[in-house]
Amino acid sequence: MSSKRLNRMGEELKKAVSLIILNEIKDPRISPVTSVTHVDLTRDLRYAKMYISVMGNEKEKEETIEGLNSAKSFIRREMGQRVKMRYTPEPIFELDESLDEGLKINSILRSLDEKNNK
């Protein structure tokens with residue numbers, strides 16, 4: 001399957017899962033500031049690795065991933081209803097730390113800039 005099609009399907013799944021997390025799941029473990037940043041599909045469309053970004057401390061991040069894993073079957077069923085595919089991929093949730101790393105790098109650059117301006 002072409003990578004263009006995989007990317008397009010990944011974007012559709014990302015939109016659907018974002019809406020499911022925002023509107024459908026009522027688990028108190030899932031942080032209200034949770035977003036799906038990227039979806040990687042396997043070439044056979046059986047698995048979808050979903051990168052989840054959570055604003056909060058480490059405990060909130062771990063609880064959000066646990067909550068999403070416990071709601072995995074519900075999310076998969078809702079994905080199948082919203083995105084028409086021959087097979088509904090099995091979601092695999094991974095914590096996306098790229099935003100935190102970006103903030104850390106930004107703060108380092110600011111501190112270096114302040115030192116150079118003194």
Side-chain angles (χ1 to χ4, degrees):
M1 183 168 301
S2 73
S3 63
K4 202 179 222 184
R5 182 167 182 238
L6 285 174
N7 289 337
R8 194 172 56 220
M9 294 177 87
E11 286 297 316
E12 287 298 317
L13 289 174
K14 181 171 102 171
K15 289 178 195 174
V17 172
S18 294
L19 290 174
I20 292 167
I21 291 172
L22 183 64
N23 299 324
E24 304 292 328
I25 298 178
K26 305 296 185 222
D27 192 333
R29 293 178 291 181
I30 298 175
S31 172
V33 190
T34 301
S35 62
V36 181
T37 58
H38 186 70
V39 175
D40 281 334
L41 286 167
T42 57
R43 295 185 70 70
D44 62 358
L45 301 176
R46 297 291 183 162
Y47 298 96
K49 187 180 281 190
M50 301 187 179
Y51 295 93
I52 307 295
S53 174
V54 180
M55 295 300 282
N57 59 27
E58 290 301 316
K59 183 181 179 207
E60 289 175 338
K61 292 176 182 182
E62 290 173 10
E63 287 179 349
T64 298
I65 295 297
E66 288 174 12
L68 290 173
N69 282 327
S70 70
K72 191 181 283 193
S73 60
F74 172 76
I75 293 171
R76 185 176 185 187
R77 185 178 70 237
E78 289 294 315
M79 280 173 27
Q81 291 175 357
R82 294 174 190 219
V83 180
K84 299 298 179 196
M85 298 171 67
R86 181 175 290 154
Y87 301 108
T88 303
E90 178 75 27
I92 301 168
F93 299 106
E94 293 249 339
L95 194 58
D96 186 7
E97 299 285 349
S98 63
L99 292 176
D100 293 335
E101 290 173 14
L103 290 173
K104 183 178 176 182
I105 290 171
N106 195 16
S107 68
I108 292 170
L109 291 175
R110 280 190 187 151
S111 67
L112 289 174
D113 188 43
E114 290 173 0
K115 289 179 183 178
N116 288 336
N117 288 338
K118 287 184 178 180

Testing the basics here: between Ala48 and Val39, what is the closest heavy-atom pair and its distance to 0.1 Å? CB-CG1, 4.1 Å

Show me the pairs that pass salt bridge (Lys or Arg N to Asp or Glu O under 4.0 Å) and involve residues 103-112, at least two apart or across chains. none

Measuring from atom OG1 of Thr64 to atom CD1 of Ile52, what distance do you get when rounded to the nearest 0.5 angstrom? 9.5 Å

Grab the two heavy atoms, one from Ser53 and one from Thr37, that are nearest each other, plus how far apart they are. CB-CG2, 3.5 Å

Roughly how far, to the nearest 0.5 Å, is CZ of Arg77 from OG1 of Thr88? 11.5 Å

Test your reading of the model: is there a side-chain donor-acceptor pair from Asn106 to the backbone of Gly102, 3.5 Å cut-off? no

Counterpart residues, salt bridge (charged side-chain N to carboxylate O under 4.0 Å, His left out), relative to Arg76 (two or more places apart): Glu90

Could you check whether any side-chain heavy atom of Leu13 comes within less than 4.5 Å of a side-chain heavy atom of Met85, counting everything from C-beta outward? yes

Among all residues two or more places apart in sequence or in another chain, which pass the salt bridge (charged side-chain N to carboxylate O under 4.0 Å, His left out) test with Lys15? Glu12

How is the hydrophobic cluster of Ile92 composed, in terms of its other members, when Ile, Leu, Val, Met, Phe, Trp and Tyr link through side-chain heavy atoms under 4.5 Å apart, directly or indirectly? Tyr47

Hey, quick one: are Ile20 and Val83 part of the same hydrophobic cluster, counting side-chain heavy atoms closer than 4.5 Å, chains of contacts allowed? yes

Side chain to side chain donor-acceptor pair (under 3.5 Å) with Asp40: which residues, sequence neighbours excluded? His38

For Leu112, the rest of its hydrophobic cluster, which grows through side-chain links under 4.5 angstrom: Ile108

Identify whether Phe74 and Met79 are in the same connected component of the hydrophobic contact network (ILVMFWY, side-chain heavy atoms under 4.5 Å). yes

Check whether Leu95 and Phe93 end up in the same hydrophobic cluster, where Ile, Leu, Val, Met, Phe, Trp and Tyr are linked by side-chain heavy atoms less than 4.5 Å apart. yes

Test of understanding: with side chain to side chain donor-acceptor pair (under 3.5 Å), list the residues that count as partners of Asp44, not counting sequence neighbours. Thr42

Taking salt bridge (charged side-chain N to carboxylate O under 4.0 Å, His left out) as the definition, give me every residue that meets it alongside Lys14, ordered by chain and number, with sequence neighbours left out. Glu11

Mind checking what makes salt bridge (charged side-chain N to carboxylate O under 4.0 Å, His left out) contact with Lys59, not counting sequence neighbours? Glu63

Nearest heavy-atom neighbours spanning Gly10 and Leu41: N-CD1, 3.7 Å

For a quick test of reading the model, state the closest non-hydrogen atom pair linking Val17 to Ile75 and the distance between them. CG2-CG2, 4.3 Å

Check: residues 22-36 side-chain donor-acceptor pairs under 3.5 Å, at least two apart:
unit_1	atom_1	unit_2	atom_2	d
Glu24	OE2	Arg82	NH2	3.3
Lys26	NZ	Asn23	O	2.9
Asp27	OD1	Arg29	N	2.9
Asp27	OD1	Arg29	NE	3.3
Asp27	OD2	Arg29	NE	3.2
Asp27	OD2	Arg29	NH2	2.8
Arg29	NH2	Ser70	OG	2.7
Ser31	OG	Val33	N	3.3
Thr34	OG1	Ser31	O	2.6

Considering residues at least two apart in sequence or located in another chain, which fulfil the side-chain contact (heavy atoms from CB on, under 4.5 Å) criterion with Glu58? Lys61

In the hydrophobic clustering (ILVMFWY, side-chain contacts below 4.5 Å, transitive), which residues join Ile105, or is it alone? Leu109

Is Leu45 close to Tyr87 at the side-chain level, that is, under 4.5 Å between some pair of heavy atoms? no

